[in-house]
S.K.: 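Questions regarding the structure given below will be posed in turn.
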Protein chains: 2
Amino acid sequence: MTFYPSLANLAADIAVFTLVEAELRVLLIRRANPPFQGMWALPGGFVEPHEDAHSAARHELTEETGIPEGSFHLEFVAAYTAPGRDPRNRVASFAYMALVPQVPPTAAGGDAADAALLPVAGVLDGTVPVGFDHRTIIGDALEHARDRLENTTIAAAFCPPEFTVTELRRVYEAVWGTRLDMRNFHRKVTGIEGFLEPTGRKTTRDGGRPAELYRTGEATRLRPPMYRG
Amino acid sequence: MTFYPSLANLAADIAVFTLVEAELRVLLIRRANPPFQGMWALPGGFVEPHEDAHSAARHELTEETGIPEGSFHLEFVAAYTAPGRDPRNRVASFAYMALVPQVPPTAAGGDAADAALLPVAGVLDGTVPVGFDHRTIIGDALEHARDRLENTTIAAAFCPPEFTVTELRRVYEAVWGTRLDMRNFHRKVTGIEGFLEPTGRKTTRDGGRPAELYRTGEATRLRPPMYRG
DNA sequence: CCGGTTCGTGTCATGGTGACGGGAAGCTAG
DNA sequence: CTAGCTTCCCGTCACCATGACACGAACCGG
């Protein structure tokens, strides 16, 4: 039994993305203990002996943030293994992104847990300082999300169970940072077999002419992809 | 300092893909020691304390297989963290794929190291039994490679420094398991700015009319993507 | 009733793709 | 030298997806 002595802790960190007023936000938690005490950091925790990283991420998400099971899309982004990325000990971190329609107020803005939904743009340009290498992780997660929006139907994970085409378009615009033509977008997404299933209901929550309400279909892959403007 | 006791070894496993007579092969090594003694497994090793997983994969590749530095494309595929995936101890494995034009005979088929280039199809259908969860890893790596061929120019990593359009097409056909129309493929790849740079030289190594020789250009992303047949 | 807003469809030019014909340029056998 | 084979590379055509834009439909408020 010749094992190298390179033991490490395994951790799962989650970038919880959501939209607040058509702006992309990420859920951050103010650290109560050193290192990086008082700074923002991603929610996460160590992988326990009986579980794998994906299960750990799911546990952290439901328990630490109160986001109900089944109402989010959780996806692996990247692994971070550089020695010294945690000043205490060697920690290999598995970064996930979670796309949610809404973060319960108990998680963000609750006074017990010091958490907040902060603009992703602010984190990436340094306006919002974050601890560890979490700024890198958030940047990678955003880039990953941008790619996935091009090639899959996960954009609907940002939307409530029933949503309009315009709400879906706002997801693309917020994540990509572009403006999309409403009419071409409508033609594209409604033309994809199994992406949007009409419910028959309509809503006027955005004013103007009532908009058709859709729920997500079976399709997961977009082929040909959506193109960023 | 409240660390959970979930310590793990970090390992890097590499799926070295190459083409032998228009067939996709993967480099496997026969295990000399338990567990899975005598079975095939991916080359790899533990991540040492001073390096990250990517460096570990690069070291293993150059030292264990003798593939010269700079002649391969190395890319992260996925992480495997299930408890019990190594029967001895908890091991988190970072899987990489390496695309190489040619594997030196010292690595594959050499009598010292018991290694071989085996057909990927045989591994996936169970004809070639492999240890650990490496069959899953090879399947994931293949799927990853297929996706990357659609959206990036890495197919050229399977080719020697100077190659013909037909040689590049054979890469796509071997990895995707399809037949592509030679003329449409030629129009597509030569039309992409920065993918293929003409050298001015020609070759007749495939018989028939001499084929133009190209080297890779600066482009890395294919947009619009290549479509599998 | 009328203007403002948003939703949904329709049109048109352009460019990429799939399917195919055919000529160019090398080799080899007779 | 020529015929026949191979492989490369150019071209044509129909079709589909995209980008850009016009216009009518449907609801709201004054």
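Reckoned from all heavy atoms, side chains included, excluding hydrogens, waters and symmetry mates. Naming: A, B, ... by sequence-line order, numbering from 1 per chain. Source: prediction; values computed, not measured.
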S.K.: Please check if atom CD in A/Glu75 has more than 12 non-hydrogen atoms from other residues, nucleotides or ligands closer than 6.0 Å.
M.R.: yes
S.K.: CG of B/Asp181 versus C1' of D/dT12: gap in Å, rounded?
M.R.: 14 Å
S.K.: Enumerate the residue pairs fulfilling ring pair (Phe, Tyr, Trp, His ring centres under 6.0 Å) with a member in residues 121-141 of chain B, sequence neighbours excluded, ordered by first and then second residue.
M.R.: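 Applying ring pair (Phe, Tyr, Trp, His ring centres under 6.0 Å) to every pair that reaches into residues 121-141 of chain B, excluding sequence neighbours, yields B/Phe36-B/Phe132, B/Phe132-B/His134.
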S.K.: List the atom of B/Lys188, the atom of B/Pro225, and the distance in Å for their closest heavy-atom pair.
M.R.: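 Closest approach of B/Lys188 to B/Pro225, heavy atoms only: NZ-O, 3.3 Å.
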S.K.: List in numerical order all residues of residues 184-205 of chain A for which some heavy atom is under 4.0 Å away from an atom belonging to DNA chain C.
M.R.: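 When residues 184-205 of chain A is checked for heavy atoms under 4.0 Å from DNA chain C, the hits, listed by number, are A/His186, A/Arg187.
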S.K.: I would like to know whether A/Phe185 and A/Tyr172 meet ring-ring contact (aromatic ring centres under 6.0 Å, His included); could you show each step before the answer?
M.R.: CA-CA 10 Å; A/Phe185 183 83; A/Tyr172 279 90; 5.5 Å; yes
S.K.: Do B/Ser55 and B/Asp52 have side-chain atoms, one donor and one acceptor, less than 3.5 Å apart?
M.R.: yes
S.K.: Pick the closest DNA chain C nucleotide for A/Arg183 and for A/Asp206 by heavy atoms, then say which residue is nearer the 5' end.
M.R.: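 Between the two, 5'-proximity favours A/Asp206.
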S.K.: Among residues 211-225 of chain A, which residues get a heavy atom nearer than 4.0 Å to DNA chain C?
M.R.: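 Close to the strand are A/Ala211, A/Glu212.
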S.K.: Reading DNA chain C in the 5' to 3' direction, which nucleotide is the first one with an atom under 4.0 Å from a heavy atom of chain B, and which is the last?
M.R.: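 The footprint of chain B covers C/dG16 to C/dG26.
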S.K.: Give one of base, sugar-phosphate or nothing for B/Thr164, where a contact means two heavy atoms less than 4.0 Å apart.
M.R.: nothing
S.K.: Could you pull out all residues at least two apart from A/Glu167 that satisfy salt bridge (Lys or Arg N to Asp or Glu O under 4.0 Å)?
M.R.: A/Arg205
S.K.: Donor-acceptor pair under 3.5 Å: do we get one between B/Arg209's side chain and the base of D/dC8?
M.R.: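 Side chain to base: pair present.
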S.K.: Sequence neighbours left out, what passes ring pair (Phe, Tyr, Trp, His ring centres under 6.0 Å) with A/Phe76? Give chain and number order.
M.R.: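 With neighbours one apart ignored, the set is A/Tyr96.
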